[in-house]
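Comments concern the structure below.
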2 protein chains.
Amino acid sequence: MTSLAEENYLKAIYKLQEKHGDIVSTSALAEMLEINAASVTDFIKKMAVKKLISYQKSKGVRLSEQGRQIALSIIRKHRLWEVWLVNKLNFKWDEVHEIAEQLEHVVSNELIEQLDEHLGYPKTDPHGDLIPDAKGRFAKNSSKPLLDHKVGDKTKFVGVAEHSNSFLQYLTKTISSWAMNCWWNPLRNSITVSR
Amino acid sequence: MTSLAEENYLKAIYKLQEKHGDIVSTSALAEMLEINAASVTDFIKKMAVKKLISYQKSKGVRLSEQGRQIALSIIRKHRLWEVWLVNKLNFKWDEVHEIAEQLEHVVSNELIEQLDEHLGYPKTDPHGDLIPDAKGRFAKNSSKPLLDHKVGDKTKFVGVAEHSNSFLQYLTKTISSWAMNCWWNPLRNSITVSR
DNA sequence: ATATATATTTAGGCTCACCTAAAATAATAT
DNA sequence: ATATTATTTTAGGTGAGCCTAAATATATAT
Ligand SMILES: [Mn+2]
Ligand SMILES: [Mn+2]
Ligand SMILES: [Mn+2]
Ligand SMILES: [Mn+2]
């Protein structure tokens, strides 16, 4: 069984691999998890023994295939719960992350598959992030960054790359409805759109 | 903040007080929680310091008002989640307890109040147990044990006092629908009914 | 009342997941 | 190439929540 701490490490490593390429440093992990670097070194050594990651001393870590699958299952749960909170319980998109951080650790395959059905098999979460399927596969994403569009282009807003509550609240205030025409946003590179 | 372990202790103490009166013994608690009695002694001493319970050495424990309120909030969450699992996710009544045991520990008042609304403010859970409101108050219960009825009486089945999965599955097989006429059950005292 | 059985507490220890301080290693600047 | 700085690891330690074995207190039987 994988512990709460392990799940959080796996998710953090996954996200850092996504953003900054293959290998993840101790300090990057420590910063993301808000855990002391010495503790991180300790913990990743144990995770390596369990084959959740590969670890090269003083170099960094990378998810094993097993570790990657677990990380994806956590991300799947997180995003499905966010959809539920927004679509069924009427939460705003800036109110769901902390709650989903807790719900993502509930263990039950039946639960998550029933939830998926209940929600109508959504492909993306309220922030536009793709939801992996039960086997960890993503649908392909046809969205493009807002900066790839010219002024005057008509396009559909589907999600954000920046997830801070303050930015989400800013967008909510600035933009009146979810599906709408887009315009240039002062915060560079923070909105993605699709045709 | 109250930890997962504390929440489980509080809930167990509450249930034992309900059933066997005021004061709860170390061994009863140890048995219910499947934790060694020595560990329980240790833990309840700390809970007493935090004023969650009162504790008299070698006598037993009793919930403080604060402890009782926390216990009730856990029970409220447990039962609301069970309603959700059955009514919205199509689980059977014998499949929800273990999942609710996890969900009951998720912390968010907004979440639980939204959930309550989403479910239409149910008064009872799928097993007929009353759901306390946000302030820990129960509606009054007009149901009566099946044994208080005579053969031939017409009555409405509303819930069970015995919660084991095997018994729930037995009932599901034996009784075809949720609202129905009742008859004597071989398992004494295990069904409650109301007019 | 005394012996026996049962329940409870004390004492000492363990694992998990964290910490700080110091040492070692790697990266960067001169 | 050497000094300085930043990163990573090692060493030692902590608290939460559990354990077993032994000691003590309580209940029951004779
Ligand atoms: Mn999120
Ligand atoms: Mn999201
Ligand atoms: Mn239950
Ligand atoms: Mn129930």
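Keep in mind that the numbers below use all heavy atoms, side chains included, and drop hydrogens, waters and symmetry copies.
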Interface limits on DNA chain D, where chain B has a heavy atom under 4.0 Å of a nucleotide atom: dG17(D) to dA21(D)
Between CG on residue Leu80(B) and CG on residue Leu115(B), distance to nearest 0.5 Å: 5.5 Å
Gln114(B) vs His118(B), side-chain hydrogen bond (donor to acceptor under 3.5 Å, both in side chains): CA-CA, chis, key distance, verdict: CA-CA 6 Å; Gln114(B) 286 301 118; His118(B) 180 56; over 6 Å; no
Carboxylate-amine/guanidinium contact Glu65(A) Arg68(A), below 4.0 Å: yes
Side chain to side chain donor-acceptor pair (under 3.5 Å) against Gln17(A), all qualifying residues, sequence neighbours excluded: none
Letter per nucleotide, 5' to 3', of nucleotides 10-26 of chain C [B base touched, S only sugar-phosphate touched, - untouched; heavy atoms, 4.0 Å]: B------SBBBB-----
Whether Arg76(B) side chain and Pro132(B) backbone form a donor-acceptor pair below 3.5 Å: yes
Residue pair Lys77(B) / His105(B): nearest heavy atoms and the distance that separates them: NZ-C, 4.4 Å
Aromatic ring proximity His163(B)/His127(B), centre distance under 6.0 Å: yes
